[in-house]
Amino acid sequence: ACFTAVGWEQAAKREPPATRAWANTQGFGARPGQVLLLPDAAGKPQRALAGLPEQADLWSYAAIAAALPAGDYQLASAPADPNAAALGWA
């Protein structure tokens, strides 16, 4: 899931307590390009949180894609600019 810093402040309130605690412990604040992997019960990556600037462009998404380990990912919500997201992720 991708968030701006303000968006993360709001979304964090809806996250389970364990997710909020992990994000706080890891210093996640949804800064542009910041990525946080959320582990499952076995400690394997289950989900990723990522930070975007208020005006995300293709380079914003490219930074996130480059920061993630190899794997298959899906955006949790539609980006404001789907073309920028697709080009940046490619």
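Quick caveat: nothing in here was measured; it's all calculated off a predicted structure. All values below come from the heavy atoms of this structure, side chains included, with hydrogens, waters and symmetry mates left out.
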May I have all residue pairs that pass side chain to side chain donor-acceptor pair (under 3.5 Å) and include part of residues 22-37, sequence neighbours excluded? none
Taking ring pair (Phe, Tyr, Trp, His ring centres under 6.0 Å) as the cut-off, I'd like each qualifying pair that reaches into residues 25-62, sequence neighbours left out, listed once. Trp8-Phe28
Indicate the atoms forming the closest heavy-atom contact of Gly33 with Ala63, along with that distance. CA-CB, 4.4 Å
Which atom pairs, one a donor and one an acceptor, fall under 3.5 Å between side chains of residues 64-76 and the rest of the protein, sequence neighbours left out?
| unit_1 | atom_1 | unit_2 | atom_2 | d |
| --- | --- | --- | --- | --- |
| Tyr73 | OH | Pro69 | O | 2.8 |

Only counting residues at least two apart or in another chain, list the ones meeting side-chain hydrogen bond (donor to acceptor under 3.5 Å, both in side chains) with Asp81. none
For the student: nearest non-hydrogen atoms of Arg14 and Gln10, plus distance: NH1-O, 3.4 Å
Ignoring hydrogens and angles, write down the donor-acceptor pairs under 3.5 Å from the side chains of residues 36-54, residues two or more places apart or on other chains.
| unit_1 | atom_1 | unit_2 | atom_2 | d |
| --- | --- | --- | --- | --- |
| Asp40 | OD1 | Ala42 | N | 2.9 |
| Asp40 | OD1 | Gly43 | N | 3.0 |
| Asp40 | OD1 | Lys44 | N | 2.9 |
| Arg47 | NH1 | Glu15 | OE1 | 3.0 |
| Arg47 | NH2 | Glu15 | OE2 | 2.7 |

Residue set satisfying side-chain hydrogen bond (donor to acceptor under 3.5 Å, both in side chains) with Ser60, at least two apart, ordered chain then number -> Asp57
